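Since the model is a prediction, treat every value here as computed from it, not as a measurement.
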Amino acid sequence: YFFNEDVIEPTGIVNGNSVLEGWYYDSEFTQKCTFPLRLKENTTIYAKWISKYTVKFYDENSTLLNSYDVVEGSLIPVINPPKKEGYIFKGWTFNNEPVDDNFKVTSNIELYPSYEKEIATYYVYFYDFNKEIIDVQIVLEGASATLPTLNEVNGYKFKGWDKDVTSVNSELHVYSLYEKIAEKTPN
């Protein structure tokens, strides 16, 4: 190039697995060049390279879902997590450690999903002597419902409930069971 000649930005330069971030007037990369440059004297410009890494997302069976090339210091890309029936996606892990939204990529990484079993809840309806609802409870799957207290019914004795309410795993309609008390005959 010659004095007072415009210099255009060099392109097509490759440096292994790195990405060209830009050109600078100093080796500390504090004074960025703007192209085209008009040379007034002998000038050295420096290329600033940033390492590029691969982020791979796998499912729990180690099947590759997605692969992204990112520059060093980037946040991990956001992707839709794989669904797993009966489980809630908790996040991604790298080397069995959770990765948060602020995780910065500094090497090639492989991410795997982390899940937590979804705990279902069920309604348990309790009915009295007149087949009216006296209590409704929301019970965690596998837990027990609390049996309500019933009012006395003249001429009948409470015998129990028609269903077991321990280890609930579905919606339940539980009816009270009564037995008629035999009338005493006068002697």
Determine whether more than 12 heavy atoms belonging to other residues, nucleotides or ligands lie under 6.0 Å from atom [atom1] of [X].
{"X": "Asp100", "atom1": "CG", "value": "yes"}
{"X": "Lys83", "atom1": "NZ", "value": "no"}
{"X": "Asn61", "atom1": "CG", "value": "yes"}

Can you tell me how far apart [atom1] ([X]) and [atom2] ([Y]) are? Round to the nearest 0.5 Å.
{"X": "Lys56", "Y": "Glu110", "atom1": "NZ", "atom2": "CD", "value": "6.0 Å"}
{"X": "Trp23", "Y": "Glu9", "atom1": "CH2", "atom2": "CD", "value": "8.0 Å"}
{"X": "Glu72", "Y": "Trp49", "atom1": "CD", "atom2": "CH2", "value": "14.5 Å"}
{"X": "Ser114", "Y": "Ile88", "atom1": "OG", "atom2": "CD1", "value": "11.5 Å"}

With a 4.5 Å cut-off on side-chain heavy atoms, are Asn15 and Leu20 touching? no

Answer yes or no: is there a side-chain heavy-atom contact under 4.5 Å between Leu37 and Asp6? no

Can you give each donor-acceptor pair under 3.5 Å made by side-chain atoms of residues 133-158, sequence neighbours left out, with the distance rounded to 0.1 Å?
| residue | atom | partner | partner atom | Å |
| --- | --- | --- | --- | --- |
| Asp135 | OD2 | Gln137 | NE2 | 2.7 |
| Gln137 | OE1 | Thr146 | N | 2.9 |
| Gln137 | NE2 | Thr146 | O | 2.5 |

With sequence neighbours left out, write down each residue that passes salt bridge (Lys or Arg N to Asp or Glu O under 4.0 Å) with Lys48, or none if nothing qualifies. none

For Glu60, the salt bridge (Lys or Arg N to Asp or Glu O under 4.0 Å) test, sequence neighbours excluded, returns Lys84

Between Asp162 and Tyr175, does the side chain to side chain contact (heavy atoms under 4.5 Å, CB included) criterion hold? Intermediate values first, please. CA-CA 6 Å; Asp162 72 337; Tyr175 292 88; 3.6 Å; yes

Under 3.5 Å donor-acceptor pairs involving side-chain atoms of residues 26-34, not counting sequence neighbours:
| residue | atom | partner | partner atom | Å |
| --- | --- | --- | --- | --- |
| Asp26 | OD1 | Thr30 | N | 3.1 |
| Asp26 | OD1 | Gln31 | N | 3.0 |
| Asp26 | OD2 | Thr30 | N | 3.2 |
| Asp26 | OD2 | Thr30 | OG1 | 2.5 |

Under the side-chain contact (heavy atoms from CB on, under 4.5 Å) test, residues paired with Asn130 that sit two or more places apart: Asp128, Glu132

Members other than [X] in its cluster, when Ile, Leu, Val, Met, Phe, Trp, Tyr link by side-chain heavy atoms under 4.5 Å?
{"X": "Tyr58", "result": "Leu64, Tyr112"}
{"X": "Val19", "result": "Ile50, Val71"}
{"X": "Leu75", "result": "none"}
{"X": "Tyr115", "result": "Tyr53, Val55, Phe57, Leu65, Tyr68, Val70, Ile76, Ile79, Tyr87, Phe89, Trp92, Phe94, Val99, Phe103, Val105, Ile109, Leu111"}

Does anything in residues 164-174 form a salt bridge (Lys or Arg N to Asp or Glu O under 4.0 Å)? List the pairs, not counting sequence neighbours. none

Could you list the residues that satisfy side-chain hydrogen bond (donor to acceptor under 3.5 Å, both in side chains) with Glu21, not counting sequence neighbours? Tyr24

State which residues pass side-chain hydrogen bond (donor to acceptor under 3.5 Å, both in side chains) with Thr54; sequence neighbours excluded, sorted by chain then number. Asp69

Nearest heavy-atom neighbours spanning [X] and [Y]:
{"X": "Ile45", "Y": "Tyr25", "value": "CG2-CD2, 4.3 Å"}
{"X": "Leu172", "Y": "Lys163", "value": "CD2-CD, 4.1 Å"}
{"X": "Pro113", "Y": "Asp59", "value": "CD-C, 3.8 Å"}

Any idea how Tyr125 and His173 line up, ring-wise: parallel (<30°), tilted (30 to 60°), or perpendicular (>60°)? parallel

Please determine whether residues Ile181 and Leu177 belong to a single hydrophobic cluster, defined as Ile, Leu, Val, Met, Phe, Trp and Tyr linked transitively by side-chain heavy-atom distances below 4.5 Å. no

